[in-house]
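As the structure lists them, so they are numbered: ligands from 1, and atoms in each ligand from 1.
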Amino acid sequence: MLTIRLHDTRSGELRELIPREDRHVGIYACGPTVYGRIHVGNARPFVVFSLLKRFLQHEGLDVTLVINITDVNDKIYDAARPLDIPSADLADEMAAHYKADTAALGLGRPDAEPLASETIEPIVALIAALIERGHAYAVEGDVYFRVRSDPEYGTLSRRAVDEMNQGEGVEGADRKEDPLDFALWKAHKEGEDSVWYAPWGRGRPGWHIECSAMAEELLGVGFEIHGGGNDLVFPHHENEAAQTRSARGAELAQIWMHNGMLQFGEEKMAKSVGNVALLHEVLDDVGRNALVMLFVGAHYRQPMAFDDMRLMEALARVARVRDAARGLVDGPSPPEMRPLRDAFFAALAEDFNTPAALGALFEWINERHQRRDEPVGRADLVEMLSVLGLENLAEHGGEAGAEELEMLDERQAARNAGNYAEADRIRNELRARGWEVRDSSAGPQLVRIEQ
Ligand SMILES: [Zn+2]
């Protein structure tokens, strides 16, 4: 197994991944708040951590990937109200869309997808532990975390405590001991249609405590990797870390991994900016292969540009891989090409550098083209593509049927007779059946259209 190092936001350094138990790694990544369809930017952590899991499995580790679903939240109440439907119905509907949209990425599902609404008991127990230890206090049915009671507060986002703003606005300002404190539990308010019972009153949990409780329930305390978008470092992850540290006397996670945002030009893709491309629409437009290719072409920590030009580039890369895979034979790849395969995995072991890995993969493809006239085994290429979720590009494509091959001949005959309109008609008919006609030096060929 390779030594795997990942960038840890808390230390600001690359840290070696050292499993608590022999060869088992727990990953918790913060998932969506389900109040609308997700956009491509929301899909980035899903892709990054699903692929990281594949890589760790490739290295012989046993991985449990947890991506939660936040189904109790102010945003859901706000979105359900004008629609005049129960907030729980909206959350159910959007959670189902989220699962279908991400399933279409073709990367499988996380091992667990806990819902906040199904974790209330552990949430209440965790809040009770914080009150008991003097790290939280109840006031008028709300419960707040006492930020200054945690001497380590601020060490994840590496900010000075006095410069922080929880972003809770005026809500609860008159009840907090200190403006820095944040809500663990919110007393029931007029217009909120879901409510749970706790020793300090009826209401609902705050967002940050939901994740501390769900992560501990499924992975314990001190698990290996906590992930999410870098917009969550403060306050969400800072607060998750503070809650667990204060209640349990131990750190929630060893390594905090954060992915960069998607950019449209100079702007971050966000609902609040109004520049979103919905995941299911992009998948309909370009297919999952191109979108996964686009994601792996950028380092997870960097902002990722998303526009038509980048999508076209990704489509071209998909076609290049598929072209290279065509004509490979079953079995091991030539040993002289092995260093390129090794460079691919070495790049992933050093902070999951997928663009560097992709570079090695394309060098492998160049090398394969140098060997046009000899049989080249597909094993290395399949192994590399599998970790990127693109193994289907190297599968034996379905062979065209007799009918399609006959149409190909008819098209060629039409062209030879100068009947280009008829040739184009047949080409379009083939395209509708999922076959692209490619004219090569060896004559026209049918190539499966990639979606
Ligand atoms: Zn979270």
Atom pair CG (Asp78) and CD (Glu192), whose distance is rounded to the nearest 0.5 Å: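 Asp78 CG to Glu192 CD: 9.0 Å, rounded to 0.5 Å.
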
Kindly give the atom name of the N, O or S atom of Glu240 closest to the Zn ion (ligand 1).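 Of all N, O or S atoms in Glu240, the Zn ion (ligand 1) lies closest to OE2.
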
Basic-acidic side-chain contact under 4.0 Å: Asp380, Arg368: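 Result for this pair is no, no salt bridge flagged.
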
Under 2.8 Å from the Zn ion (ligand 1) - does any N, O or S atom of His208 fall there?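 False for His208.
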
For the Zn ion (ligand 1), decide whether Cys30 has an N, O or S atom at a distance under 2.8 Å.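 Coordinating: yes.
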
His258 and side chain to side chain donor-acceptor pair (under 3.5 Å): which partner among His237, His226, Arg301?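 It is His237, the one option of His237, His226, Arg301 that forms the side chain to side chain donor-acceptor pair (under 3.5 Å) with His258.
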
What about the rings of Phe182 and Tyr144, do their centers lie closer together than 6.0 Å?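 Between Tyr144 and Phe182, which both carry aromatic rings, the centre distance is not below 6.0 Å.
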
